[in-house]
2 protein chains.
Amino acid sequence: MTKAHPTLTERCRQEGLRLTGPRRVILQVLEASDDHPDVEELHRRVEAIEPGVNIATIYRTVNTLAEHGLIERHSFADGRMRFEIVPETHHDHFINVETGEVVEFRSDEIERIQEEIARQYGFDIVSHTLDIYVRPRKG
Amino acid sequence: MTKAHPTLTERCRQEGLRLTGPRRVILQVLEASDDHPDVEELHRRVEAIEPGVNIATIYRTVNTLAEHGLIERHSFADGRMRFEIVPETHHDHFINVETGEVVEFRSDEIERIQEEIARQYGFDIVSHTLDIYVRPRKG
DNA sequence: CTCTGTGCAAAACTTTTGCACACTG
DNA sequence: CAGTGTGCAAAAGTTTTGCACAGAG
C-alpha cells in the first residue's frame, strides 16, 4: 500500500503556506507540467487558466516554493531559471542541443560515486546538478 | 617531451582572432585566473592592469572566446555567467554552499558511465556539467 | 586598405522590490 | 484581525546592440 506522492497543494498546507487564488493556479500548472518551464512560460500557462495574475507573483511564488523545498531550480544553458516539482527520486538531465528537448534519467551508480568522491574531499553533498548536452546519435 | 599546453594567445592566433590591446589583457587575466570569475570580476581584474577597457568589450570577448571553444561558460547557482579556460582534461565542480568556493575534481568512472548511459538513450555527448553543492563534513 | 574590435550610450531582458490593498487562516 | 500574498509600477542587475571610430593584419 504505497502512499501516493503528496500533491503540491498538500505540501504547501504542511508548510503553512497560504492557498490563495493565484497560488492555487500556479500549483496546478506546476503539477500539470512534466517539462521544465521558465517563469515566462509558467505565466503564460497560468494566464491561460486564469488571466490577471501578475508575473511578479509567479516570481515570488516559485522563490517561496523553492525555499520550502517543494520545487527545484535549474539553469541549463539559456540564461533563465527553469523549474520542476521536486521529484520522488532525484534524476539528471539530457539536453538535446539541436531541439532544446530535455530528457530525464537516473543512475544509481553515478549517485554512489559522487557520494564517495565527496567523502574523500571531506564534503557532505547538499544537492547536485548533472546536465549532459547531447545530439542524437547518427548511424 | 610533452608539448606545453598552448596559451590562449596562441590559440587566438590559430583561430584568426585579432590581438588588440584590450584583448591581450583579457587573455592575460584569464590565463592568470585559476578560479571561475564572472564578467564583472574579469572587468575589475582587467581594469587593475589597464584602465579604460569597457565592460561591453569583456562581454563581447568572452562570448567570442566561448564560441571558438577557448573558454567554458558556467552557471552555478548565482544568476551570472562565470568562465574558465577550457581545461586539458575535463573536470567537474564542488561548490561550497557556505563559502561559494569552487573546487575542481575529476572522475573517470563518472565520465565512463555517462557515455554508457548516453549510448543507451541513443545520444552522443556534446558536453556536460556536473555541479555538486556541498557543505564541509562535520565530525 | 579592409575588416574586426572597441568605447560609449542606449536598449533589452530578467528578476526584485516598495507600496497600498486584498484575502487567508 | 494579524500577517501573508497580490497587483502595479518602478528599480535593479545582467547582457546585448547600434554607431562611429581605431587599429590589426
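Proteins get letters first, then strands, A, B, ... in listed order; numbering begins at 1 in each.
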**Prompt:** Between B:D124 and A:R137, does at least one N-O distance fall below 4.0 Å, as a salt bridge requires?
**Reply:** yes
Q.
Using a 4.0 Å heavy-atom cut-off, does B:G52 contact any base of the nucleic acid, only the sugar-phosphate backbone, or nothing at all?
A. sugar-phosphate
Would B:R45 and B:S33 count as a side chain to side chain donor-acceptor pair (under 3.5 Å) here? Give the steps. CA-CA 10 Å; B:R45 296 181 192 178; B:S33 301; 2.8 Å; yes
Determine, using ring centers only, whether A:H93 and A:F105 are less than 6.0 Å apart.
no
May I ask you to check whether A:R60 and A:N54 show a side-chain donor-acceptor distance below 3.5 Å? no
Quick tally for nucleotides 12-17 of chain D: nucleotides whose base has a protein heavy atom under 4.0 Å get B, sugar-phosphate-only ones S, the rest -, giving --SBBB
| said: Determine whether a donor-acceptor pair (N or O, by modelled atom type, separation under 3.5 Å) exists between the side chain of B:T61 and the backbone of B:T57. | reply: yes
Quiz prompt | Under 3.5 Å side-chain donor-acceptor pair for B:H36 and B:D38 | solution = no
To the nearest angstrom, the CD1-P distance between B:I26 and C:dG5 comes to 11 Å
So, does A:N54 get its side chain near the phosphate of D:dC8, meaning an N or O under 4.0 Å from OP1 or OP2?
yes
ask   = Quick one: does B:L70's side chain get under 4.5 Å of B:I85's, heavy atoms only?
value = no
Considering only nitrogen or oxygen atoms on both sides, find all protein atoms under 3.5 Å from nucleotides 23-25 of chain C and state each distance.
unit_1: C:dT24; atom_1: O2; unit_2: A:R18; atom_2: NH1; d: 2.8
unit_1: C:dT24; atom_1: O2; unit_2: A:R18; atom_2: NH2; d: 3.4
unit_1: C:dG25; atom_1: OP1; unit_2: A:L19; atom_2: N; d: 3.1

Double-helix bend of the helix from C:dC1-D:dG25 to C:dG25-D:dC1, axes at both ends from 5 pairs, round to 10°, gives 40°
*Answer yes if the side chains of B:H91 and B:E84 hold a donor-acceptor pair under 3.5 Å, and no otherwise.*
yes
Checking the side chain of B:R135 only, and the main-chain atoms of A:F123 only, is there a donor and an acceptor separated by less than 3.5 Å? no
